[in-house]
Amino acid sequence: MPGQDVDLNTGIGPAVLRDYALLADGYRGALVGPAGDVAWLCAPGWSDAAVFSALLGGAGRFLVTPAAGRFVWGGHYEPGSLIWHSRWVTGDGIIESREALVFPGEADRLVLLRQIRALDRPARVRVVLDPRADFGREPVRDVSRDGDRWLARTGGLHLRFHGGTRLRRDRRGFLAGELTVPAGGRHDLVLELAGAPLVQPCEQAGELWRTTQHHWASVVPSLAGPARRDAVLAYAVLRGMTRPGGGMVAAATTALPERAMAGRNYDYRYAWIRDQSFAGQASALVGRYDLLDDAVAFLSERVLADGDRLAPAYTVDGRPVPHEQRLEELPGYPGAHARTGNWVRAQLQLDAFGEVLMLLSAAQRHDRLDSDGYHAMEVAAAAIGDRWSQPDSGIWELPPRRWTHSRLTCVAGLRAAARVAAPRLAARWSALADRILADAAAHGLAADGHWGRAYDDDRVDAALLLPGIRGALPPDDPRTDRTRRAVLADLAEDGYLYRFRPDRRPLGDAEGAFLLCGFAAALAAWHAGDTVGANRWFERNRAACGPPGLYTEEYDVRQRQLRGNLPQGFVHALMLETAVTLGQVDPCH
């Protein structure tokens, strides 16, 4: 990032997405920008209203930035964690700010840590703390000071702030001022936000840092291999985005545009069935089972509760996704309107049942499936039997059609379940898989022998790589190879892969490349015996990130920019799976 001037009262405007780092504790996530601004944080939970919403043009923010007007930025994560170091080189020296949400988190209370470090010379930093609940609508009120602590409220949240004794009330916000840290010194800022009064004393900053470091070390595996750094970070991202015992959000943000001014910006702060299946299967492949166990628990509960009416997504605690609505008061991230909620709640996505079966089968293979999980497997298989012939919205959430990928994913799930089931169920599920496959072959094959997108559409779709990877057909089935070749011939550009051609425009004009599809291409090449091609696809797509190493859903190939919500969980899951499959990292033993 080039040097730039900073508005010392409010910080800079939104940065490009590649420059944001994620802090997460399982219950919520924050984005930290290159100028040291916490530009996004929902509280108390993932899908609640934001208390820091500058990313979408809201008023609330928490800024720690060099007091000097010119600097260049960098940063890094501590290995195996979501503890981030913002690093600024100024004309006067080098300053770092160590950032984390205390981990493990609590459902109703968050603790945000920021530690200012003066590396070689005294450091002067500007601090602005101005939390505003409900996407900036609620200013701070009921302010008081108790020794070295500031106390206040914003909306329904109670606030306690430590380390700001040298800050003063600011007429444009809550607290602001400059801090000077001596050379080699450190200064801790601790922000607590909770839905109830903060009665218990807060632990000392040093103890909170030690707890956070220790817990990250205990839950993130140490991997080996050429891609170990990226793979370990991917695992940490998935762990940080998963509520313990509950759902994994698809992304930490809402309404970040996939394409400027195109109206395609959605709220992804919810748990998608498919995404969590990807994460659980990747965790099993790594050899660590906490994410697998959480995915099994969440998906089993939802299947048992809703049966063949399983929704594609839920809140992380299993409630229905709220209806979509526009946030009229916010200008939004440049290129899109701000909105919350998601209309996906009303869709049928048939492939979700197949994904459930593949996840539960992976758990059974590792002897981690309880009686509820096994019963959920039976319910999911029965749902496929009842609904597989119906039109659905598919993996890309499009208008209902008979999407070929959905049916082949159900075939893959049924075959996986049959391999771990009792003989009576195995025979029934194998027969159902054969029946669905025969129907797909009769209606979903193009004239040249590749799978078509839908029963009424012979064009290719990158999602059709996934059933071959997942075992819907034998590895040497010619339809799998023909489909892979057709997809690459029509949808690849510069080492990246697009979902499909939505219209007559050239690739890249309608939307960005999908990183999920790029990693699927790597896996498909691997299964086809093309190890060189597999590694080329993998390396190209794993480089499609910014300095923090986070992935969004889409990648603008021409502008080399991230598009959509950040970070996108299923991309990190498939990147991790690909790294292990290709031998780029060694799984745990």
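Numbering starts at 1 and runs along the sequence shown.
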Salt bridge present between [X] and [Y] (N-O < 4.0 angstrom):
X: Glu324; Y: Arg339; result: yes
X: Glu554; Y: Arg563; result: no
X: Arg137; Y: Glu329; result: yes
X: Arg259; Y: Asp556; result: yes

For a quick test of reading the model, state the closest non-hydrogen atom pair linking [X] to [Y] and the distance between them.
X: Gly280; Y: Leu292; value: O-CD1, 3.6 Å
X: Arg558; Y: Pro506; value: NH2-CB, 4.3 Å
X: Ala30; Y: Leu101; value: N-CD1, 4.2 Å
X: Ala472; Y: Val411; value: O-CG1, 3.6 Å
X: Ala251; Y: Asn565; value: CB-CB, 3.6 Å
X: Val111; Y: Val190; value: CG1-CG1, 3.7 Å

Between [atom1] of [X] and [atom2] of [Y], what distance do you get to the nearest 0.5 Å?
X: Arg302; Y: Leu310; atom1: CZ; atom2: CG; value: 8.5 Å
X: Phe103; Y: Arg239; atom1: CZ; atom2: CZ; value: 6.0 Å
X: Arg269; Y: Ser47; atom1: CZ; atom2: OG; value: 6.0 Å
X: Leu515; Y: Met575; atom1: CG; atom2: CE; value: 11.0 Å
X: Gln281; Y: Leu576; atom1: CD; atom2: CG; value: 12.0 Å
X: Tyr333; Y: Leu256; atom1: OH; atom2: CG; value: 7.0 Å

Quiz item: cation-pi between [X] and [Y], 6.0 Å / 45°:
X: Arg453; Y: Phe500; answer: yes
X: Arg387; Y: Phe353; answer: no
X: Arg407; Y: Tyr455; answer: yes

Within the distance-only criterion (no hydrogens, no angle test), does the side chain of [X] pair as donor or acceptor with the backbone N or O of [Y] below 3.5 angstrom?
X: Asp351; Y: Ser406; answer: no
X: Arg402; Y: Ser389; answer: yes
X: Asp267; Y: Thr340; answer: no
X: Ser283; Y: Arg288; answer: yes
X: Arg141; Y: Gly155; answer: yes
X: Thr578; Y: Leu574; answer: yes
X: Asp370; Y: Gly373; answer: yes
X: Thr154; Y: Glu138; answer: yes
X: Thr315; Y: Ala271; answer: no
X: Trp40; Y: Ala54; answer: no

Evaluation steps, side chain to side chain contact (heavy atoms under 4.5 Å, CB included), between Leu22 and Leu82: CA-CA 7 Å; Leu22 171 74; Leu82 293 183; 4.1 Å; yes

Quick one: do the [X] and [Y] side chains pair a donor with an acceptor below 3.5 Å?
X: Glu397; Y: Trp272; answer: yes
X: Tyr498; Y: Glu511; answer: no
X: His375; Y: Ser371; answer: no
X: Asp294; Y: Thr242; answer: no

Side chain to side chain donor-acceptor pair (under 3.5 Å) evaluation trace for Ser300 with Asp372: CA-CA 7 Å; Ser300 295; Asp372 283 346; over 6 Å; no

Is any side-chain heavy atom of [X] closer than 4.5 Å to a side-chain heavy atom of [Y]?
X: Phe161; Y: Leu129; answer: yes
X: Phe519; Y: Val571; answer: yes
X: Glu99; Y: Ile83; answer: no
X: Leu299; Y: Gln276; answer: yes
X: Leu175; Y: Val140; answer: no
X: Asp37; Y: Val32; answer: no
X: Arg28; Y: Cys42; answer: no
X: Asp275; Y: Met248; answer: yes

Full working for side chain to side chain contact (heavy atoms under 4.5 Å, CB included) between Asp290 and Val219: CA-CA 8 Å; Asp290 57 337; Val219 300; 4.2 Å; yes

Got a sec: does the [atom1] of [X] have more than 12 other heavy atoms crowding it under 6.0 Å?
X: Arg504; atom1: CZ; result: no
X: Arg459; atom1: CZ; result: yes
X: Asp108; atom1: CG; result: no

Ring pair (Phe, Tyr, Trp, His ring centres under 6.0 Å) pairs, two or more places apart, involving residues 553-578: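 Passing the test, one end in residues 553-578: Tyr496-Tyr555, Tyr551-His572.
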
CA sep, side-chain torsions, deciding dist, call: Val38, Leu23, side chain to side chain contact (heavy atoms under 4.5 Å, CB included): CA-CA 10 Å; Val38 178; Leu23 314 178; 5.6 Å; no

Qualifying residues under ring-ring contact (aromatic ring centres under 6.0 Å, His included), relative to Trp388, sequence neighbours excluded: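 Applying ring-ring contact (aromatic ring centres under 6.0 Å, His included) to Trp388 gives none.
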
Derivation of the side chain to side chain contact (heavy atoms under 4.5 Å, CB included) call for Asp456 and Arg401: CA-CA 8 Å; Asp456 59 351; Arg401 293 166 76 180; 2.8 Å; yes

Pair Gln347-Gln349, side chain to side chain donor-acceptor pair (under 3.5 Å): steps then yes or no: CA-CA 6 Å; Gln347 289 186 350; Gln349 293 179 16; 2.9 Å; yes

Test salt bridge (Lys or Arg N to Asp or Glu O under 4.0 Å) applied to Arg501 and Asp490, Asp461, Asp509, the passing residue: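 Result: among Asp490, Asp461, Asp509, Asp490 is the only option passing the salt bridge (Lys or Arg N to Asp or Glu O under 4.0 Å) with Arg501.
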
Aromatic plane relationship, Tyr268 with Tyr266 - under 30° parallel, 30 to 60° tilted, over 60° perpendicular: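 Tyr266 and Tyr268: parallel rings.
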
Trace of the side chain to side chain donor-acceptor pair (under 3.5 Å) decision for Asp306 with Tyr314: CA-CA 11 Å; Asp306 294 346; Tyr314 297 85; 2.5 Å; yes

